[in-house]
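Everything on this sheet refers to the single structure shown next.
Reminder, nothing fancy here: chain letters follow the sequence lines and each chain counts from 1. Reckoned from all heavy atoms, side chains included, excluding hydrogens, waters and symmetry mates.
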There are 2 protein chains.
Amino acid sequence: MEAEKKIKKISYLESLNSRTVFDENCIIQVSFALIADKWTLLILTTLMQGTKRNSDLQKQVIGISPKMLSQTLKTLLKYGMISRKVYPEVPPRVEYTLTEFGKSLVEPLSSFYNWSVDWEDKLRTIYKKTKGKK
Amino acid sequence: MEAEKKIKKISYLESLNSRTVFDENCIIQVSFALIADKWTLLILTTLMQGTKRNSDLQKQVIGISPKMLSQTLKTLLKYGMISRKVYPEVPPRVEYTLTEFGKSLVEPLSSFYNWSVDWEDKLRTIYKKTKGKK
DNA sequence: TTTATTTACTACCTAAAAGTAAGTTATGCA
DNA sequence: TGCATAACTTACTTTTAGGTAGTAAATAAA
């Protein structure tokens, strides 16, 4: 990224004054309300690798139930973040792909991924201590 | 950011092969399990503005209940992402500040913030349609 | 016609998250 | 001691997330 663009980008957050209110009129609260949950972010991250079938996702996103997978895909479809293509085959084949809107999340999600890698030891220690419970 | 660093950073995600499994041994699943929820991310984003008191956060993070605020702050304290300083005054004053670990989230959170601003119209349309319900 | 296979949906249930409201602690000073 | 106030906690209730199991659609091949 060019230094110029970087400066512009960080400035959004720095432009907030200390009395900025984060309500539903604030776009960051809106976006967190829509996508800030574990399964949604994991599925989006997985789809960044490319087109996937339902069964691929079921294999890759360990721990997700078939119901949550279908439900989350349906929501992302409704949001326009993924597209769905059905192949008239037997057995049926359905493929999910990120739309341009979905792909726009590559940067924030990569950023989170990098952060996780950088702080891996610390994060694992916390996770063990809390056993995933907050 | 220098182009070199940028390349290194994006490569974490690109280095995954298409059969990578996202289970609890995968660091991205661990980090999402710990912090991927609306209130946690909103409080962290707010604290990126600097030190805040409980009552400041209550005023800025619209919609959060006092219980959720206390609870989330307690969790972040346990994670070592924020520090807590009590001033022996009347009435009591307690200030919360991001630790170095907490500050390390500036980049991913800024990235999300920028994304939200870039897609503001689309996000608001979705939010209205769904009324925040998934 | 029956079978096989993937996807998706529904109904029912349990567990966890989160809201409400009331009460408690901590604090320094009068 | 009593007070005033911010910060915090607890008990209770409601809401939402999530799991399991069963079923249906699709259709080519047996």
For the pair made of CG in B:Leu34 and P in C:dA17, what is the distance, rounded to whole Å? 13 Å
Check the distance between C:dT7's P and A:Glu95's CD and give it to me in whole angstrom. 10 Å
For the pair made of CD in A:Gln71 and C1' in C:dA11, what is the distance, rounded to whole Å? 14 Å
Measure the CG-OG1 distance between B:Leu57 and B:Thr72 for me, rounded to the nearest 0.5 Å. 10.0 Å
Euclidean distance, atom CG of residue A:Asp37 to atom C1' of D:dT16 [Å, nearest integer]: 12 Å
Centroid-centroid distance, A:Phe112 to B:Phe112, less than 6.0 Å: yes
Establish, with yes or no, whether the OP1 or OP2 oxygen of C:dT6 is under 4.0 angstrom from a side-chain nitrogen or oxygen of A:Arg53. no
Set out, line by line, the N/O atom pairs under 3.5 Å between protein and nucleotides 19-23 of chain C.
from   : atom 1 : to      : atom 2 : distance (Å)
C:dG19 : OP2    : B:Ser65 : OG     : 3.1
C:dG19 : N7     : B:Lys67 : NZ     : 3.2
C:dG19 : O6     : B:Lys67 : NZ     : 2.5

With a 4.0 Å cut-off on heavy atoms, is A:Arg93 in touch with a base, just the backbone sugar-phosphate, or nothing at all? nothing
Tell me what B:Ser70 touches on the nucleic acid: a base, only sugar-phosphate, or nothing, going by heavy atoms under 4.0 Å. base
So, the side chain of A:Gln60 versus the backbone of A:Ile43: is there a donor-acceptor pair under 3.5 Å, distance only? no
Between the side chains of A:Trp119 and B:Ser104, is a donor N or O closer than 3.5 angstrom to an acceptor N or O? yes
From CG of A:Leu42 across to P of D:dG18 the rounded distance in Å is 12 Å
Ignoring backbone atoms, test whether B:Tyr96 places a side-chain nitrogen or oxygen under 4.0 Å from the OP1 or OP2 oxygen of D:dC8. yes
Rounded to whole angstroms, how far apart are CD on A:Gln58 and P on C:dA8? 11 Å
Just by protein heavy atoms under 4.0 Å, how would nucleotides 25-30 of chain D read 5' to 3' in B, S and -? -BBS--
Please report, rounded to the nearest Å, how far the C1' atom of C:dT6 is from the CG atom of A:Leu69. 12 Å
Smallest separation among heavy atoms of B:Thr51 and B:Glu95, with atom names: CG2-OE1, 3.5 Å
Got B:Asp118 and B:Trp115 here, is their nearest side-chain heavy-atom distance under 4.5 Å? no
Can you figure out which of C:dT7, D:dC8, D:dT9 approaches the side chain of A:Arg84 most closely? C:dT7
From CD1 of B:Ile82 across to P of D:dA7 the rounded distance in Å is 13 Å
I want to check something: taking the side chain as every heavy atom from C-beta on, are A:Arg53 and A:Gln58 in contact at a cut-off of under 4.5 Å? no
Please check if A:Val86 and A:Ile82 belong to a single hydrophobic cluster, counting links between Ile, Leu, Val, Met, Phe, Trp and Tyr side chain heavy atoms closer than 4.5 Å. yes
Polar contact flag, side-chain donor to acceptor under 3.5 angstrom, B:Ser111-A:Ser111: no
Does A:Tyr87 reach a base, just sugar-phosphate, or nothing at all? Heavy atoms under 4.0 Å. nothing
